[in-house]
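Notes follow the structure.
Each ligand, and each atom within it, is numbered from 1 in the order the structure gives. In this chain, residues are counted from 1 in sequence order. Because the structure is predicted, anything quoted here is derived from the model rather than measured.
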Amino acid sequence: MPLPIGHALAGLACAQVRPGFFFRNRWYDAFFFVFLANLPDADFLPGIILGHPNLYHHGIFHSVGAALAVAAVGGCFFYFTGHRVWTRAAAIFLVFSSHLLLDLFALDLVAPYGLPLLWPLANRYFIASHPIFINVIRSGRANDFFISLFNRHNMSAAGREILILGGALAAVVVVRRLLKKKDH
Ligand SMILES: [Zn+2]
């Protein structure tokens, strides 16, 4: 699993494709993209409450089925706010799925390896044979889970994520500016 910084940069890259897509206020909009891009890792929370953070991590909340369910819930929210539902539900699905894609390409040394990408159609776990991101070292205990994330190994993992996904974000910004210039 990449760190939240990697997923946040991926979310911001998605946000730059169509700034103001969800909310007119660009800060709310960017925050919502970052929230969606990190949302699958909310599956740490029940485990943290029970004292074992990894208990439900990389379970069914890391799947296309969960992405569809979250898109349906988000679509309902935007329906009640009078927005176009389908395009927003599709965007929610894609940004949530950006998380699954990054996790798929991350080295995973904690069982279960990879993620149940196609749940509920298939229960098997998927992981890329050639990872792009390195693994994150973390404690399996709730009491030192957050503090355990701050170590030299994870700092170099974060550095790699910033380089790759920060580069992707910069590329999206540059392409969007170039396209904007062409329109004028
Ligand atoms: Zn994840």
Measure from NZ or CZ of Arg88 to the centre of the six-membered ring of Phe21, then state whether that distance is under 6.0 Å and the direction lies within 45° of the axis.
-> yes

Answer yes or no for Arg26 and Phe23: cation-pi contact, defined as NZ/CZ to six-membered ring centre under 6.0 Å and angle to ring axis within 45°.
-> no

For the Zn ion (ligand 1), the closest N/O/S atom belonging to Asp41 = OD1

May I ask you to check whether His99 brings an N, O or S atom to under 2.8 Å from the Zn ion (ligand 1)?
->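 Here the distance criterion (N, O or S atom, under 2.8 Å) is met by His99, so yes.
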
Could you tell me whether Phe22 and Phe78 have their ring centroids closer than 6.0 angstrom?
-> yes

Roughly how far apart are Ile92 CD1 and Leu39 CG, rounded to 0.5 Å?
->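 Between atom CD1 of Ile92 and atom CG of Leu39 there are 10.0 Å.
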
Angle at the Zn ion (ligand 1): provide the value between OD2 of Asp103 and NE2 of His62, rounding to 10 degrees.
-> 90°

